[in-house]
Protein chains: 2
Amino acid sequence: MSADVAARRGIPDASVARLPGYLQALTNLAERGISSVSSEELAAAAGVSSAKLRKDLSHLGSYGVRGVGYEVDRLAYEISTALGLTQDWPVAIVGMGNLGRALAAYSGFTTRGFNVIALLDRDEAIVGAPVGDRTVRPMGDLDALVRDDRLAIGVIATPADSAQDVADRLVEAGVRSILNFAPCVLDVPDDVMVRKVDMSTELQILAFHEQRRTGELDLGRTADVGEVAL
Amino acid sequence: MSADVAARRGIPDASVARLPGYLQALTNLAERGISSVSSEELAAAAGVSSAKLRKDLSHLGSYGVRGVGYEVDRLAYEISTALGLTQDWPVAIVGMGNLGRALAAYSGFTTRGFNVIALLDRDEAIVGAPVGDRTVRPMGDLDALVRDDRLAIGVIATPADSAQDVADRLVEAGVRSILNFAPCVLDVPDDVMVRKVDMSTELQILAFHEQRRTGELDLGRTADVGEVAL
DNA sequence: TAGATTGTTAATCGATTAACAATC
DNA sequence: TAGATTGTTAATCGATTAACAATC
């Protein structure tokens, strides 16, 4: 199977998840005026092994030159294309609490490939209020946003207890990609993709390893004590 | 090997990453007054398969009852213990921009298992300013925080270009667990654990699938065109 | 006991890694 | 050509899944 066909078929999820990191590293190199890079160098910049990088890139096609490396601009373009970032995706943020406001102000959103076209909130008391240079809109605007502005991605920044309701409304309006910041599992149809960002989950994973670290001192003593009866 | 020993040895990373989700689902059930749950029900609540749930829990020990299920409170306690959440971990947030302020106000941080003991910023112009009911402190306070307050986890909420510098200072002060919100790779010693939360990475992954979805209409036509020569 | 559900096994699947032939 | 580095192969590793014996 040619690389071209591989690119059209499925790129492994694990590879897709690393492409943004490569793109970021390449953008960084370009800003520093570097025009060519080896897999070894790019892998180091992205924090992965060079074998993994080359394997990942091989799913996109063959854009390197043996003995030389990759042209930074070219590879960045190819990854952007693969990720679908050559067009701007309209994004709406729902929930104008602390987090929602921070996300609305976050420049990373508005840069490459995304365009925050609306801020919404369920609470009528907040609707109409200004947030940055935008005005908070009611949930009822969702249908029009999907229809008229091709809204594709919904960001949920509400508390957990209203997240499912917001998700239902997004799906009903026709949004099929959701980024969920609320600490809860969303129930959506199979054709809707949800990705979750959860800070407390990440902290808990850190706590696990931190505890393991401090607990290690005791292991030598407890390891041969034998099993503890239930 | 007994389950007890398995728990003391390594729990697979993939399992550890799912434990917070189980804990969340269990907390939810407890709040709704449900005291017993089967693997099938809990798995549905956490959004995983029941086989995966049972396999994950088996790494912790044997806390279910065959033919009955799991006691909600007991299992929540065991997972909390495994994750190291029976103690409070002191956390410092570095970077008091939009995101840092939102994180400082985020209640999810202050609840179960974590305690935000300090907000810091590199910028002397911000140091001393109030954020919520706290005062922004200078980076120089890090050593004292680690020494006197057992600071264990550092949250980096700075722009990408100062994140590495902040990470260096955290490591120098003795912090070995870092949650990085800046969109960049951090270079740290092997014994320091970094987890990354990156919203634009998540958006880009959504864009990939969104693009694939809309591109699917063309696949029937292009699939049998044959290979495109490089 | 009969029914239900866990904990574990073994098979499958997908991802990672090392090594190297291809080739610039 | 000689040196360097890609793209790919094959081996290894770890994670997922289905099935079921153990047992409440």
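Proteins get letters first, then strands, A, B, ... in listed order; numbering begins at 1 in each. On a predicted model such as this, the values are computed, not experimentally measured, just so you know.
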May I ask you to say what B:Ser49 touches in the nucleic acid, namely base, sugar-phosphate or nothing, with a heavy-atom cut-off under 4.0 Å? sugar-phosphate
Whole-Å gap separating C1' (C:dT5) and NZ (B:Lys52): 20 Å
Using whole Å, what does the distance between atom P of nucleotide D:dA15 and atom CZ of B:Arg18 come to? 9 Å
Kindly say if B:Ser38 contacts the phosphate of C:dT5, meaning a side-chain N or O under 4.0 Å from OP1 or OP2. no
Can you measure B:Glu41 atom CD to C:dT5 atom C1' for me and round it to whole angstrom units? 11 Å
Please tell me if the side chains of A:Tyr63 and A:Glu71 come closer than 4.5 Å, counting only heavy atoms from C-beta onward. no
Kindly indicate whether the side chain of B:Pro90, heavy atoms from C-beta on, has any atom under 4.5 Å from the side chain of B:Asn115. no
Enumerate the side chain to side chain donor-acceptor pair (under 3.5 Å) contacts for residues 181-194 of chain B, please, sequence neighbours excluded, ordered by first and then second residue. none
Would you say the side-chain atoms of A:Tyr22 and A:Asp56 include a donor-acceptor pair closer than 3.5 Å? yes
Between the side chains of B:Arg169 and B:Glu172, is the shortest nitrogen-to-carboxylate-oxygen separation below 4.0 Å, so that they form an ion pair? no
Strand-adjacent residues in residues 22-36 of chain B, judged by heavy atoms under 4.0 Å from DNA chain C: none
Does B:Asp198 reach the side chain of B:Ser200, with side-chain heavy atoms less than 4.5 Å apart? yes
D:dT6 P sits how many Å from A:Leu60 CG, rounded? 15 Å
Main-chain N/O of B:Ile11 paired with B:Ser15 side-chain donor or acceptor, under 3.5 Å: no
5'-most by nearest nucleotide on DNA chain C - A:Asp56 or A:Gly67: A:Asp56
Just wondering, do B:Val116 and B:Val155 contact through their side chains at under 4.5 Å, heavy atoms? no
For the side chain of A:Gln24 and the backbone of B:Pro183, is there at least one donor-acceptor N/O pair under 3.5 Å apart? yes
Hey, are the side chains of A:Val72 and A:Leu42 touching, using non-hydrogen atoms and a 4.5 Å cut-off? no
Out of curiosity, B:Ile178 CD1 to A:Leu206 CG, how far, rounded to the nearest 0.5 Å? 9.0 Å
Output the distance between atom CG (B:Leu19) and atom CD1 (B:Ile79), rounded to the nearest 0.5 Å. 5.5 Å
Give the rounded distance in Å between these two atoms: CD of A:Glu40 and P of C:dT17. 13 Å
Per-residue pairing states of DNA chain D in dot-bracket (Watson-Crick or G-U under 3.5 Å; . unpaired, | other strand) read ..||||||||||||||||||||||
Listing time: all N or O pairs from protein to nucleotides 19-22 of chain C that are below 3.5 Å?
{"from": "C:dA19", "atom 1": "N6", "to": "A:Arg54", "atom 2": "NH2", "distance (Å)": "3.4"}
{"from": "C:dA22", "atom 1": "N3", "to": "A:Arg66", "atom 2": "NH1", "distance (Å)": "2.8"}

Using atom CG of A:Leu53 as one end and atom P of C:dT16 as the other, report the distance to the nearest whole Å. 12 Å
Are the side chain of A:Arg213 and the backbone N or O of B:Arg176 linked by a donor-acceptor pair below 3.5 Å? yes
If the cut-off is 4.0 Å, is B:Tyr70 near the phosphate of C:dA4, judged by side-chain N/O to OP1 or OP2? no
Distances under 3.5 Å only, N/O to N/O: pair up the protein atoms with those of nucleotides 10-12 of chain D.
none

Within this structure, what is the CD1-to-P distance between B:Ile11 and D:dG14, rounded to whole angstrom? 16 Å
Nearest-Å distance, CG (A:Leu57) to C1' (D:dG7)? 10 Å
Partner residues of A:Asp13 under the side chain to side chain donor-acceptor pair (under 3.5 Å) criterion, sequence neighbours left out: none
On the nucleotide C:dT5, are OP1 or OP2 found under 4.0 Å from the side-chain N or O atoms that B:Ser39 carries? no
